[in-house]
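All remarks here apply to the structure that follows.
Values reported hereafter were calculated over all heavy atoms of this structure, with side chains retained and with hydrogens, waters and symmetry mates removed. Small disclaimer: the values here were computed from a predicted structure and weren't measured.
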Amino acid sequence: MQRRAPQAAAQATTPAQPQAPAVAATVRRLEDGSIALVLTDADAHLLAEASADQPLLVRVAAGTDGVRARAELARGLRALGDGPVSDAHASLLLAASLFARSRVADPRPALTAVLAAADAAWSAGDRPTCLAALEAARSVLTAATPVEGDCARLRDHLLGLHALLEQRFADAAGPLRRVLAHGRDDSPETLRRAAMAALLLGEIATSCRMGVRALAASRAEGRDDLAAQTLEHLAYAEMRAGLHARARAHAGEGLQVALRSGRSNTAAHHRAVLALTASVEGDTEEVAVQAALALSTARRHGLEQTRTLAEWALARAELGRGRAEAAAARLGELVRADGGHFAVRPLLMPCFIEAAVLAGQAEAARPVADAFQAWAGFGIDRAAAAQLARCRALLATAGAGADTVEDLYRRAIDLHAADIGDYERARTQLLYGNWLRRRRRPREARAVLRDALHGFERCGARAWADQARAALRATGEAATGLGEDAVLSSLTPHQLRIARHVATGATNREVAQALSVSVRTVDHHLRNIFAALGVRSRVELARLVANAPEREPMAR
């Protein structure tokens, strides 16, 4: 007779004989893969003596601390990938404590547990708890002697990250640069850590290069686990660098890997990055879908970093559509000292300041600008100096003289020369060009707005390019230089075909039948066409198409 038990050690007694001594039993895996509880021949009579209507009481004996530690580590890592990160943190710290009690000579399991606990705290946006976990990881390393090789590099990484979280930036630079120096190796883990160190140092271009190398090395070794982690950091770094198309590609790949492996938390992070890239491209439908899915998991599992990124994407999409008040309202909670994720908060401050000023809420933006100035002063965010000058120019528009505002805008554009991508520079040029236009300096405004338009087009920021085109038309550029064909060239080939059908007077249903697509697809594309061309009616669209040469734009 066989009874099933879930653990590798058990004790069995029958309620009918409460005074009998405990009977030892073992667990065996049978040929069919099932697990069976097995008694010795000498004790088998106890089962026969038990009456048929009496349940068999099985008590599972507690395993050793080492066994329990490994079980808690596995449970914590599962929750970190697919569960509430608070649960993950508790299980991982318990695992580390059990490893310490078991006096296991190898420090790596305990270190894995503590570092994963730090990751959980980081995802939750809990800076003090993250610091405590990093300190515990350093203690584990210190107890492991000698500290050399990969352990020494890991110690440097911990020292640098700990100093950054305590805002001791001078103390962080040395250890993180030592980690970065090891990026000359071909080990995927070493390269991934070097990419992270570069990101923490604000060397975004270096982080992207290291991340691509780490991804290639992970794939070459068949390390899907490392590839998934690397894609998460790489997509984020490329988004920070303004390389939105690359970030979208890597986030899309990372999303598929996360979904296949059942890591919903990682999938939510990639969805937030996809929403951010879509907010640049002006794809409001994609922003809404990806952000909603990211927020659903983030709220359920306590992922504050993911939540902040998704909310930022929604706000930036609003700002790209010219809805500054809505963007400011969404970002207001995230820029407070107690709001949003501590590591993402400074990155979205310039977006809030711009939205608040454009919405007529300059006073709400001033304290945020002061906080952002402190962040820029640390020197680890290369884009911050240019963004700060832009923010100060926006805030100076109401009270300062024209010379001060212009000097700030020009300073911001000069500082943008260090940027990798075109997006932030083009945003500054758009604001400066609009300011020049309102100052009745159309010729100077046109030159700046053309640069903004070209920058937005290069990085695929369609919604922002629409704003630049509209501003150019307001300066008279459409009548003096910007031909209608140049405006139509912003459309994709599919959008241009729809626009030309609509211009003939065809209804959306007729266009759908002609192109073998759904009416809903035509509706969606037509909204994007109106936004891209800055027109408000089918009559305006027909006039624009009628004045353009009959040719297809280049496929993009």
Side-chain angles (χ1 to χ4, degrees), residues 70 73-83 85 88 92 95-96 99 106-120 122-123 137 140-141 144 148-158 160-161 176 178-200 206-239 246-271 273-274 305-306:
R70 285 188 288 273
L73 176 58
R75 183 179 294 111
L77 291 175
R78 283 195 301 272
L80 183 59
D82 187 31
V85 289
L92 291 163
F99 278 125
D106 186 355
R108 285 175 296 182
L111 194 57
T112 298
V114 178
L115 289 176
D119 286 343
W122 180 282
S123 296
V140 172
L141 275 174
E148 57 187 6
D150 191 57
C151 284
R153 290 192 287 272
L154 182 54
R155 181 184 60 185
D156 283 334
H157 181 83
L158 294 174
L161 183 56
L176 290 176
R178 288 195 294 272
V179 176
L180 184 56
H182 288 289
R184 292 186 293 268
D185 298 346
D186 291 328
S187 161
E189 180 59 35
T190 301
L191 287 168
R192 186 181 71 88
R193 203 171 291 145
M196 292 175 61
L199 184 62
L200 293 170
T206 301
S207 180
C208 293
R209 289 195 299 271
M210 290 290 184
V212 169
R213 287 180 58 201
L215 182 59
S218 300
R219 288 167 172 164
E221 294 188 7
R223 294 289 305 277
D224 288 344
D225 56 334
L226 283 180
Q229 296 177 50
T230 301
L231 282 165
E232 187 172 354
H233 293 114
L234 177 57
Y236 181 74
E238 289 172 333
M239 186 269 296
R246 294 186 200 175
R248 181 178 66 250
H250 284 128
E253 181 183 352
L255 174 60
Q256 296 307 313
V257 173
L259 291 174
R260 284 197 304 269
S261 59
R263 298 178 64 85
S264 64
N265 293 347
T266 304
H269 178 91
H270 283 302
R271 290 192 186 281
V273 174
L274 286 170
Q305 183 180 26
T306 298

### Query
Taking it one step at a time, do L158 and L115 satisfy side chain to side chain contact (heavy atoms under 4.5 Å, CB included)?
CA-CA 9 Å; L158 294 174; L115 289 176; 3.2 Å; yes
### Message
Applying side chain to side chain donor-acceptor pair (under 3.5 Å), can you list everything that pairs with D82, at least two apart in sequence or on another chain?
### Response
S264
### Query
Residues two or more places apart in sequence or in another chain: which of them pass side chain to side chain contact (heavy atoms under 4.5 Å, CB included) with A237?
L199, S207, C208
#### Entry: With R75 via salt bridge (charged side-chain N to carboxylate O under 4.0 Å, His left out) - residues at least two apart
E72
### Message
Applying side chain to side chain donor-acceptor pair (under 3.5 Å), can you list everything that pairs with H269, at least two apart in sequence or on another chain?
### Response
none
### Query
To the nearest 0.5 Å, how far apart are NE2 in H250 and CD in E238?
5.0 Å
### Message
Suppose we screen for side chain to side chain contact (heavy atoms under 4.5 Å, CB included). Which residues come up paired with L77, at least two apart in sequence or across chains?
### Response
L73, L92, A116
### From L80 atom CG to S123 atom OG, the distance as rounded to the nearest 0.5 Å
6.0 Å
### Task
Can you see which heavy atom on A137 is nearest to which on V114, and at what distance?
N-CG1, 3.3 Å
### Message
Using 0.5 Å steps for rounding, measure from the CZ atom of R271 to the OG1 atom of T306.
### Response
12.0 Å
### Partner residues of A251 under the side chain to side chain contact (heavy atoms under 4.5 Å, CB included) criterion, sequence neighbours left out
A235, H270, V273, L274
### Query
When rounded to the nearest 0.5 angstrom, what distance separates CD in E232 from CE in M196?
9.5 Å
### Message
Testing the basics here: between P109 and F99, what is the closest heavy-atom pair and its distance to 0.1 Å?
### Response
CB-CZ, 3.5 Å
### Query
Any idea which heavy atoms bring L226 and S218 closest together, and the distance?
CB-OG, 3.6 Å
### Query
Could you go step by step and tell me if W122 and L161 meet the side chain to side chain contact (heavy atoms under 4.5 Å, CB included) rule?
CA-CA 11 Å; W122 180 282; L161 183 56; 4.1 Å; yes
### Summary
Between T230 and A214 the two heavy atoms that sit nearest each other are CG2-CB, 3.9 Å
### Message
Just to verify, what does A79 make a side chain to side chain contact (heavy atoms under 4.5 Å, CB included) with, not counting sequence neighbours?
### Response
A88
### Spacing of CG belonging to L215 relative to CG belonging to L231, to within rounding of 0.5 Å
5.0 Å
#### Entry: Atom of H157, atom of L200 and distance for their closest heavy-atom approach
CE1-CD1, 4.4 Å
### Query
Is there any salt bridge (charged side-chain N to carboxylate O under 4.0 Å, His left out) pair reaching into residues 251-260, and which pairs are they, with sequence neighbours excluded?
R219-E253
### Summary
With sequence neighbours left out, the residues meeting side chain to side chain donor-acceptor pair (under 3.5 Å) with T206 are R209
### Message
Rounded to the nearest 0.5 Å, what separates atom CE in M210 from atom OG1 in T190?
### Response
10.5 Å
### Message
Please evaluate residues R192 and E189 with respect to the criterion side chain to side chain contact (heavy atoms under 4.5 Å, CB included), reporting the C-alpha separation (whole Å), side-chain torsions for both, the decisive distance (0.1 Å), and the verdict.
### Response
CA-CA 5 Å; R192 186 181 71 88; E189 180 59 35; 2.9 Å; yes
### Least distance between heavy atoms, A267 atom then A258 atom
N-CB, 3.6 Å
### Query
Taking only residues two or more places apart in sequence or in another chain, which ones pass salt bridge (charged side-chain N to carboxylate O under 4.0 Å, His left out) with R246?
none
